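As a basis for the values below, the full set of heavy atoms in this structure was taken, side chains included, without hydrogen atoms, waters or symmetry mates. As the structure is a computational prediction, the values presented were derived from the model and not from experiment. Residue numbers begin at 1 in each chain, while the letters A, B, ... track the order of the sequences.
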Amino acid sequence: MTLELSMRERIYAVVRRIPRGRVATYGQIARLAGIDGHARQVGYALHSLPAESDVPWHRVINARGRISLPKGSHSYLLQRSLLEEEGVEFDAQGMVDLSRFGWR
DNA sequence: CGTATGACGAGCC
DNA sequence: AGGCTCGCCATAC
């Protein structure tokens, strides 16, 4: 077995630690996974995640507190409803207050 | 192996 | 406020 987890596995491991009702940013995930500066790779890893994964991909949003998906797309709506089910609130502009819902 | 791509981010206009 | 540029760097092809 490999001594070093692949970048993807490290990313998933961190995302799995995000508690219910909280959100984290791509950059934050990269930092916690020990790959600071790889925010884009975090997005790439989540994008290629199988649908039946146990990774809570919906709890990851961008640094501006917004969902990084085309507004109105199927994925956007899914992510938003999953978060709202957990109690995360969105303002009129589809933005989440990271000071209230951000994972410390 | 070179080029394009992207669920990002910070900065500038 | 909103949009554009540029740096970033693993992946895809």
*Got a sec? Which of residues 63-94 of chain A come in under 4.0 Å of DNA chain B, heavy atoms?*
A63(A), S68(A), L69(A), Q79(A)
_What residues from residues 21-30 of chain A pass a heavy-atom cutoff of under 4.0 Å to DNA chain B?_
T25(A), Y26(A), G27(A)
_In whole Å, I'd like the distance from the CD1 atom of I11(A) to the P atom of dG6(B)._
18 Å
*Let me know the distance between CZ of R10(A) and C1' of dA10(C), rounded to the nearest Å.*
14 Å
*Do V60(A) and I18(A) come within less than 4.5 Å of each other through their side chains, counting heavy atoms only?*
yes
*Within the distance-only criterion (no hydrogens, no angle test), does the side chain of S53(A) pair as donor or acceptor with the backbone N or O of L49(A) below 3.5 angstrom?*
no
*Do you know the tightest heavy-atom contact between L83(A) and F90(A)?*
CD1-CZ, 3.7 Å
*asked:* Among residues at least two apart in sequence or on other chains, which ones pass side chain to side chain contact (heavy atoms under 4.5 Å, CB included) with R31(A)?
replied: Q28(A), D36(A)
*Is the backbone of H58(A) close enough, under 3.5 Å, to the side chain of Q79(A) for a donor and an acceptor to pair up by distance?*
yes
*Spell out, as yes or no, whether a donor-acceptor pair under 3.5 Å connects the side chain of Y12(A) to the backbone of M7(A).*
no
*asked:* Restricting to non-hydrogen atoms, name the atom on N62(A) and the atom on S68(A) that form the minimum distance, rounded to 0.1 Å.
replied: ND2-OG, 2.9 Å
_Heavy-atom pair of closest approach, residues G72(A) and L77(A)_ = O-CD2, 3.6 Å
*Looking only at atom types and distance, does a side-chain atom of S48(A) sit under 3.5 Å from a main-chain N or O of Y44(A), one as donor and one as acceptor?*
yes
*Of all of residues 31-47 of chain A, which get a heavy atom below 4.0 angstrom from DNA chain B, listed by number?*
A39(A), R40(A), Q41(A), G43(A), L46(A), H47(A)
_Using every non-hydrogen atom in the two residues, find where A30(A) and G37(A) come nearest and quote the distance to one decimal._
CB-N, 4.4 Å
*Evaluate the side-chain proximity of R59(A) to R22(A): yes if any heavy-atom separation is below 4.5 Å, no if none is.*
no
*Expressed in angstrom and rounded to an integer, what is the separation of N62(A) atom CG from dG2(C) atom P?*
14 Å
Let me check something: any side-chain donor-acceptor pairs from residues 94-104 of chain A under 3.5 Å, sequence neighbours excluded? List them with distances.
residue: D97(A); atom: OD1; partner: S99(A); partner atom: N; Å: 2.9
residue: D97(A); atom: OD1; partner: S99(A); partner atom: OG; Å: 2.6
residue: D97(A); atom: OD2; partner: S99(A); partner atom: OG; Å: 3.3
residue: R100(A); atom: NH2; partner: E89(A); partner atom: OE1; Å: 2.9

*E9(A) side chain to S6(A) main-chain N or O, any donor-acceptor pair under 3.5 Å?*
yes
Write down the protein N/O and nucleotide N/O pairs, taken from nucleotides 11-13 of chain B, whose separation is under 3.5 Å; answer none if there are no such pairs.
none

